[in-house]
Amino acid sequence: MGSEGPSVVTIHVTGFKKFHGVAENPTETIVSNLKDFMQRRGLPKGLVLGSCSVLEAAGQGAISPLYQIFQSSVTGPNAEPSSVGRVIWLHLGVNRGATKFAIEHQAVNEATFRCPDELGWKPQRIPIIPSDGGITRIRETSLPVNNVTEALAKMGYAVIPSNDADRFVCNYVYYHSLQFAEEHGNKSLFVHVPLFMTIDEDTQMLFVASLLEVLASLY
């Protein structure tokens, strides 16, 4: 066997467009500007910033492009061989009532939307992935949520761990991602951010940059 280079982690990031009650989604701004921001800041050693994609704030409307992104990372020309690198799916969503960042530990196989999503869909108590079991089925991230939270808190960020990603589009996307990650030997994490009026844009950009550094350090 030939010598292998140092292990790297490729992190793909997604955010969402605006949705009912949120005219400006901070995650759309963060994800759209992230590559330029990290280029100026400098990527930490061992980190590759992969795709940065903004999804429709809609359950089924987000899934088709999400799986296209998933598949391209596994089979496309930029796919990382498992022996060389690791892949993390980092999903950002907004919680308009939040005052802190929340690192989500799990997703539930239940879609119960409190209002119609951006494509008018309003499921009630249906399984997100029927073949995965009933609506009480839970999938957990394999990343150390408490360690990530503690590292970010030590950097001065207002951040907490969370066990409830709600039952709306964020949970819907996270559940699909956790299943895909498990099947392909990747890792997945969802993080809720507040509105910019609660925590300003500059601080949120720095938070996500710090989050990427913490995740890269796990490898």
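Quick caveat: nothing in here was measured; it's all calculated off a predicted structure.
In terms of the side chain to side chain donor-acceptor pair (under 3.5 Å) criterion, Asn95 has no residue partners (sequence neighbours excluded). Every residue meeting the side chain to side chain donor-acceptor pair (under 3.5 Å) condition with Ser188, not counting sequence neighbours, appears here in chain and number order: Ser177. Every residue two or more places apart in sequence or in another chain that forms a ring pair (Phe, Tyr, Trp, His ring centres under 6.0 Å) with Phe190 is listed here: Tyr174, His192. In this view, Phe168 and Phe113 satisfy the ring pair (Phe, Tyr, Trp, His ring centres under 6.0 Å) rule, not counting sequence neighbours.
One hydrophobic cluster, built from ILVMFWY side chains closer than 4.5 Å, holds both Ile128 and Ile126. Both Leu43 and Met155 belong to a single network of hydrophobic side chains, linked directly or stepwise wherever heavy atoms of I, L, V, M, F, W or Y lie under 4.5 Å apart. Ile129 and Leu66 end up in the same hydrophobic cluster when Ile, Leu, Val, Met, Phe, Trp and Tyr side chains are linked at under 4.5 Å. Under the 4.5 Å side-chain heavy-atom criterion for Ile, Leu, Val, Met, Phe, Trp and Tyr, Val169 and Tyr67 are members of the same hydrophobic cluster. The cluster map of Ile, Leu, Val, Met, Phe, Trp and Tyr, joined by side-chain heavy atoms under 4.5 Å apart, puts Met205 and Val159 in the same cluster.
Distance alone, capped at 3.5 Å, is enough to place a donor-acceptor pair between the Asn109 side chain and the Gly134 backbone. Judged by distance alone, the side chain of Ser210 and the main-chain N or O of Leu206 form a donor-acceptor pair under 3.5 Å. Judged by distance alone, the side chain of Gln204 and the main-chain N or O of Ile199 form a donor-acceptor pair under 3.5 Å.
Counted by atom type alone, Asp132 and Tyr175 present one or more donor-acceptor pairs between their side chains at under 3.5 Å.
Going from atom CG of Leu92 over to atom CG of Leu34 covers 8.0 Å, rounded to the nearest 0.5 Å. Between the CD atom in Gln124 and the OG1 atom in Thr112 there is a gap of 5.5 Å [rounded to 0.5 Å]. For the atom pair CG (Leu212) and CE (Met38), the distance works out to 5.0 Å, reported to the nearest 0.5 Å. Atom CG of Asn33 is separated from atom CZ of Phe37 by 9.5 Å, given to the nearest 0.5 angstrom. Rounded to the nearest 0.5 Å, atoms CG (Leu215) and CD1 (Ile88) are 4.5 Å apart. In this structure, CD1 on Ile103 lies 10.5 Å from CG on Leu143, to the nearest 0.5 angstrom.
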- Show your working on side-chain contact (heavy atoms from CB on, under 4.5 Å) between Leu90 and Leu211 and close with a plain yes or no. CA-CA 10 Å; Leu90 174 61; Leu211 174 60; 3.8 Å; yes
- Query: Taking it one step at a time, do Val87 and Val9 satisfy side-chain contact (heavy atoms from CB on, under 4.5 Å)?
  - Reply: CA-CA 6 Å; Val87 172; Val9 56; over 6 Å; no
- Do Val8 and Leu47 pass the side-chain contact (heavy atoms from CB on, under 4.5 Å) test, and can you show the C-alpha distance, the side-chain angles, and the key distance before you say yes or no? CA-CA 6 Å; Val8 299; Leu47 171 64; over 6 Å; no
- Message: Between Val191 and His91, is the side-chain contact (heavy atoms from CB on, under 4.5 Å) condition met? List the steps.
- Response: CA-CA 6 Å; Val191 176; His91 307 285; over 6 Å; no
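The six-membered or imidazole ring of Phe70 lies away from that of His176, with a centre-to-centre distance of 6.0 Å or more.
Identified under the salt bridge (Lys or Arg N to Asp or Glu O under 4.0 Å) test for residues 200-215, with sequence neighbours left out: Arg41-Glu213. The side-chain hydrogen bond (donor to acceptor under 3.5 Å, both in side chains) pairs that include a residue from residues 160-170 are Glu104-Ser162, Glu110-Arg167, Arg114-Asp166, Asp164-Arg167, where partners are two or more places apart or lie in different chains. Screening residues 21-31 for side-chain hydrogen bond (donor to acceptor under 3.5 Å, both in side chains) gives Asn25-Thr27 as the qualifying pairs, with residues at least two apart or on separate chains. Sorted by first and then second residue, the side-chain hydrogen bond (donor to acceptor under 3.5 Å, both in side chains) pairs involving residues 142-156 (not counting sequence neighbours) are Ser142-Lys187. Applying the ring pair (Phe, Tyr, Trp, His ring centres under 6.0 Å) test to pairs two or more places apart or on separate chains, those with a residue in residues 133-162 are Tyr157-Phe207.
Annotation: side chain of Gln106 is not in contact with side chain of Thr141 (no heavy-atom distance under 4.5 Å). Between Leu218 and Pro144 the shortest side-chain heavy-atom distance falls below 4.5 Å. In this structure the side chain of Phe196 never reaches within 4.5 angstrom of the side chain of Thr203, judged on heavy atoms. Contact of the Thr10 side chain with the Arg86 side chain is not registered, since no non-hydrogen atoms from C-beta on lie closer than 4.5 Å.
A side chain to side chain contact (heavy atoms under 4.5 Å, CB included) with Trp89 is found for exactly one of Val13, Ile11, Ile69, namely Ile69.
Side-chain contacts under 4.5 Å among hydrophobic residues (ILVMFWY), followed directly or transitively, place Val108 together with Ile138.
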Using a 3.5 Å cut-off and no angle test, enumerate the donor-acceptor pairs between side-chain atoms of residues 178-185 and protein atoms at least two apart in sequence or in another chain.
residue : atom : partner : partner atom : Å
Glu182  : OE1  : Arg139  : NH1          : 2.8
His184  : ND1  : Phe180  : O            : 3.0

Side chains of residues 51-64: which donor-acceptor pairs under 3.5 Å do they make with residues two or more places apart or in other chains?
residue : atom : partner : partner atom : Å
Ser51   : OG   : His12   : ND1          : 3.0
Glu56   : OE2  : Lys17   : NZ           : 3.3

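When all heavy atoms of Pro127 and Ile135 are compared, the pair lying nearest together is N-CG2, 3.5 Å.
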